[in-house]
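In what follows, a single structure is set out as structure tokens and then discussed.
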Amino acid sequence: MAEALLGTKCSSSSSISHLSPNFHLFPTNIKRSQHLIHGNFSPNSRIRREAASLEGAKTAPAQIKKPKNRYEMVNLTTWLLQQEQAGNIDAELAIVLSSISLACKQIASLLQRSSIVNITGTQGTVNIQGEDQKKLDVISNELFCNCLRSSGRTGIIASEEEDVPVAVEETYSGNYIVVFDPIDGSANIDIALTTGSIFGIYGPDQQCLVDMDDDSTIDQAREKCIVSVCQPGSNLVAAGYCLYSSSVVYTLSVGNGVYAFTLDPAYGEFVLTHEDIKIPKAGRIYSFNEGNYDLWDEKLQSYLDHLKQPGPNGKPYSGRYIGCLVGEIHRMLLYGGIYGNPKNKNSKNGNLRLLYECAPMSYIIEQAGGKATDGNQRILEIMPEQIHQRTPIFIGSPEEIEKLEKYLD
């Protein structure tokens with residue numbers, strides 16, 4: 001447990017007893033009546049104020065507000081323990097969330113030194129989605145898997161970079177199922193732009209263990225793993241992301257709101273900086289890859305055209321596109337707006353993965369009071385049929401999603 005830092009706040013007092021008789025608290029050319037109005041310096045006014053305060057003390061209940069110590073910090077470990085004590089999570093889930101935070105710290109450190117230690121660029125391999133893997137895609141995936149295995153509380157691991165879910169070895173296995181995208185926005189790595197990690201955690205299920213001594217059971221065990229992982233987002237017990245940018249921000253929800261922790265490099269600790277985040281009901285920012293505009297259907301095009309028209313304040317919406325889902329969601333949580341990655345003529349099912357990206361982010365947004373849809377139904381209600389299933393997604397402030405739905409109907 002990290003120990004609390006203690007400090008003494010110094011204050012200085014000054015005395016006017018040494019001032020010369022010629023010293024005036026106010027310029028002499030100001031009338032005394034102005035002193036009484038603005039300064040309330042008369043003895044009678046002071047008596048009236050004291051009497052009023054005493055009367056108020058009799059009628060109002062005493063409220064003693066504890067002064068906040070400017071050195072007081074709540075780190076992630078302390079917060080997880082508090083959640084466990086409150087019955088929001090169990091000890092095993094606290095360990096899993098802590099192990100993910102360790103993986104995020106390691107990835108953040110690698111990203112900061114990626115150009116120096118020559119781990120930028122492509123790995124020369126292709127993942128199951130047919131995408132060229134970056135070196136840090138592969139390394140980050142290993143870091144995530146190792147941290148989750150060593151936690152001793154994870155039964156099944158499913159990664160965007162793996163062909164099939166991985167059953168943790170029997171000597172380490174736990175109950176929780178963790179799905180994750182180790183590096184979101186990896187195309188931004190080589191130019192030092194925003195990237196992130198996304199994760200979702202499903203509740204305890206029958207452990208999926210592969211008996212490597214019996215080849216006949218391997219396919220059956222893998223099939224069992226896939227069935228266990230393919231759950232709708234409504235079954236999530238926790239989800240979150242880690243933003244790697246000018247700050248490293250670990251944001252998560254365990255079903256009772258959204259909380260963000262910023263990595264303090266001086267201590268190597270994630271410190272609570274955003275408590276119970278609520279997304280604005282509306283926003284004036286939209287984020288779509290408008291390079292695909294001509295590939296979208298006419299209803300969606302009409303919606304985008306509407307956003308570009310001047311609003312009540314005479315200004316249109318502001319278009320922002322980071323190319324990293326984590327960055328888009330983080331900005332949206334704080335400022336509001338809408339993000340869309342719709343289907344198009346070339347991608348009938350959209351581009352983002354349901355399990356690793358859309359479901360966890362939709363869980364976070366809904367916990368903050370927002371909405372997420374594929375254009376027809378709530379993202380969290382979609383039952384995955386495949387591990388790497390893709391889906392269109394529109395996500396953001398509730399009023400902005402409702403406005404979009406009117407155009408899509």
Query raised in the report: From S287 OG over to I338 CD1, what is the distance, rounded to the nearest 0.5 angstrom?
Result: 10.0 Å

**Report entry** Any donor-acceptor N or O pair under 3.5 Å, side chains D305, S302
**Finding:** no

Query raised in the report: Heavy atoms, side chains only, cut-off 4.5 Å: are L380 and P232 in contact?
Result: no

Query raised in the report: What are the two closest heavy atoms between P384 and L354, and how far apart are they?
Result: CG-CD2, 3.8 Å

Report task. Would you check, one step at a time, whether the test salt bridge (Lys or Arg N to Asp or Glu O under 4.0 Å) holds for D137 with K135? Result -> CA-CA 5 Å; D137 282 328; K135 293 178 183 178; over 6 Å; no

Could you pull out all donor-acceptor pairs under 3.5 Å where a side-chain atom in residues 306-314 meets a protein atom, sequence neighbours excluded?
from : atom 1 : to   : atom 2 : distance (Å)
H306 : ND1    : Y407 : OH     : 3.4
K308 : NZ     : E290 : OE1    : 2.7
N313 : OD1    : K315 : N      : 3.0

Result block: side-chain N/O donor-acceptor pairs under 3.5 angstrom for residues 195-203, not counting sequence neighbours:
from : atom 1 : to   : atom 2 : distance (Å)
S197 : OG     : P182 : O      : 2.5
S197 : OG     : Y244 : OH     : 2.8
Y202 : OH     : Q231 : O      : 3.3

Requested in this report: Could you tell me how the ring of F180 sits relative to the ring of F144: parallel (under 30°), tilted (30 to 60°) or perpendicular (over 60°)?
Outcome: parallel

Report summary line: Residues passing the salt bridge (Lys or Arg N to Asp or Glu O under 4.0 Å) test with E405, sequence neighbours excluded, are none

**Report entry** Criterion salt bridge (Lys or Arg N to Asp or Glu O under 4.0 Å) on E400 and K371, from CA distance to verdict
**Finding:** CA-CA 9 Å; E400 300 304 327; K371 289 187 175 183; over 6 Å; no

Query raised in the report: Does a donor on one side chain and an acceptor on the other come within less than 3.5 Å for N256 and Q83?
Result: yes

Query raised in the report: Can a cation-pi geometry be assigned to R284 and Y317, taking NZ or CZ under 6.0 Å from the six-membered ring centre and within 45° of the ring axis?
Result: yes

Query raised in the report: Does the side chain of Y259 pick up a donor-acceptor pair with the side chain of H274 at under 3.5 Å?
Result: no

Query raised in the report: Where does the angle between the aromatic ring planes of W79 and F261 fall among parallel (under 30°), tilted (30 to 60°) and perpendicular (over 60°)?
Result: perpendicular

